[in-house]
Structure formats: C-alpha cells, structure tokens
Amino acid sequence: MLAAALFAAGIAPLVRAQQTRVTPAEIAALPKEAAGPGTSGLAGIRTTVLAGDPGKEGPYTIELRVPPHTSIQAHAHRDARTAIVVSGIWYFGYGSKADPALVKRLPPGSFYSEPAADPHFALTRDAPAVVYITGWGPTDTVYVAKP
C-alpha cells in the first residue's frame, strides 16, 4: 500500500532509490509522536514518520493512528497529499466547515487526495482508523478560522 501511495503522489521513483522495506511489526516499533508537521496536533492521534521528513524539502510518508470518536476540524496543508486508509473506517470530507453530513465513508483500501491549500476535515466514529499520508515537504497544517 505504501508503494501505491508513493506512486499515486508521483514520487515513487525518488523514494525507490532509498530501498525501504518495513513490516507492520517494524512500523509498530517506530517512535510515535503526538504531533508533527502536517498533523492535526490533536491529543490521542499518534503519528509515525515512515519515510522522509515532513518538516523538510522532499518526499515523506506518515502514518496516522486515530482513536474512535475523533473529529479533525477543517484545515489545509501547503503541499498536495495523497492517502490510503489502512484499517478502520475513515470519514473524510472537503470544505471549510467540518460538516458530518459531507463526509464519505472510506473503508480499508480507500484512496483520497488532499490538494494543496484545499480545506478538508475527517472523523472516526466507533472504531479507530489508520491512514498513510504521502506528500512533498515541508508540510504544515493551517486550521480554517471559525466564523
């Protein structure tokens, strides 16, 4: 799945030069952060950098582990990103206001994009979700101001 995300982002040839093979057990052993470049910064969400550095120029891939009943308000990133839902059900929508009526239910294997500067939002319901996000750093997260 990671390779598919990198290919879809158009950066697979750049990352392939850095031969990387990581099993789920090895990913589980990587350091987890509460927040970092390109993340929501919400308590409970755990972020793992799988490749690159989202705070620096170049390709990166991060894993987000989002607990149940989490809402990520409308925000945008400076870089265009693509994502794959690895596990759980991820509810994702586009717009400058987090409206649960506008989300699409994305089960494991789903793919979506986060165009640069395009506001979007997400949530989980009764189950956690794991999402792999790939982009070209440096990235950031800018929340849409509440009216």
Side-chain angles (χ1 to χ4, degrees), residues 1-96 98 102-144:
M1 288 192 159
L2 180 58
L6 297 173
F7 180 77
I11 60 177
L14 297 173
V15 176
R16 229 178 289 152
Q18 302 175 1
Q19 297 178 349
T20 303
R21 295 178 291 177
V22 187
T23 67
E26 291 166 330
I27 291 171
L30 291 172
K32 309 291 185 244
E33 301 175 11
T39 68
S40 67
L42 294 177
I45 295 177
R46 295 290 172 245
T47 305
T48 303
V49 176
L50 300 176
D53 182 339
K56 295 181 180 176
E57 178 77 21
Y60 68 87
T61 300
I62 57 176
E63 174 193 73
L64 295 183
R65 290 186 171 269
V66 186
H69 306 288
T70 299
S71 292
I72 301 173
Q73 296 303 306
H75 63 281
H77 310 281
R78 71 173 80 173
D79 60 319
R81 300 156 34 130
T82 57
I84 294 175
V85 179
V86 177
S87 67
I89 305 296
W90 188 235
Y91 296 87
F92 185 85
Y94 297 104
S96 58
L102 298 177
V103 298
K104 182 171 185 172
R105 180 183 183 275
L106 300 174
S110 296
F111 173 87
Y112 67 93
S113 65
E114 298 176 359
D118 194 0
H120 54 275
F121 52 93
L123 59 94
T124 57
R125 294 193 173 140
D126 292 334
V130 176
V131 180
Y132 286 2
I133 299 173
T134 298
W136 187 276
T139 190
D140 63 357
T141 300
V142 178
Y143 280 92
V144 175

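Numbering starts at 1 and runs along the sequence shown. Values in this document were obtained by computation on a predicted structure and should not be read as measured data.
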Query raised in the report: Passes side chain to side chain contact (heavy atoms under 4.5 Å, CB included), F111 versus I84? Steps please.
Result: CA-CA 5 Å; F111 173 87; I84 294 175; 3.9 Å; yes

Requested in this report: Run the numbers on Y143 and I72 for side chain to side chain contact (heavy atoms under 4.5 Å, CB included), then give the verdict.
Outcome: CA-CA 10 Å; Y143 280 92; I72 301 173; 4.0 Å; yes

Report task. Begin from the C-alpha positions of D126 and H69 and carry the test side-chain hydrogen bond (donor to acceptor under 3.5 Å, both in side chains) through to its verdict. Result -> CA-CA 6 Å; D126 292 334; H69 306 288; 3.2 Å; yes

Query - Trace of the side chain to side chain contact (heavy atoms under 4.5 Å, CB included) decision for H77 with T141 - result: CA-CA 5 Å; H77 310 281; T141 300; 3.3 Å; yes

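Rounding to the nearest 0.5 Å places CZ of R65 at 13.0 Å from CD1 of I45. How far CG of L123 is from CD of Q73: 9.5 Å, rounded to the nearest 0.5 Å. Summarising the geometry, atom CG belonging to L50 is positioned 12.0 Å from atom OH belonging to Y60; distances are rounded to the nearest 0.5 Å. A distance of 10.5 Å separates CD of E114 from OG1 of T134, quoted to the nearest 0.5 Å. Note that the CZ atom of R125 and the CD1 atom of I89 stand 10.5 Å from one another [nearest 0.5 Å]. In this structure, OH in Y112 is found 7.5 Å from CZ in R81, a value given to the nearest 0.5 Å.
Residues passing the side-chain hydrogen bond (donor to acceptor under 3.5 Å, both in side chains) test with K104, sequence neighbours excluded: none. For the salt bridge (Lys or Arg N to Asp or Glu O under 4.0 Å) test, residues two or more places apart in sequence or in another chain that qualify with D53 are K56.
Between the side chain of D79 and the backbone N or O of T139 there is no donor-acceptor pair closer than 3.5 Å. A donor-acceptor contact shorter than 3.5 Å links the side chain of T124 to the backbone of P67.
Residues V86 and P108 approach most closely at O-CB, 3.6 Å, considering heavy atoms. Of all heavy-atom pairs spanning S96 and V144, the tightest one is O-CG1, 3.4 Å. Between A129 and W90 the shortest heavy-atom distance is CB-CE3, 3.9 Å. In terms of heavy-atom proximity, P107 sits nearest to V85 at O-CB, 3.7 Å. Heavy-atom minimum distance, P138 versus G55: CB-O, 3.5 Å. Summarising the geometry of V49 relative to G52, their closest heavy-atom pair is CG1-O, 3.2 Å, with the distance given to 0.1 Å.
For the pair I133 and L64, the minimum side-chain heavy-atom distance is below 4.5 Å. Put simply, the side chain of H75 does not reach to within 4.5 Å of the side chain of V142, judged on heavy atoms.
Taking the six-membered ring where tryptophan is involved, the planes of H120 and Y94 are perpendicular, since the angle between them exceeds 60° and thus also 30°.
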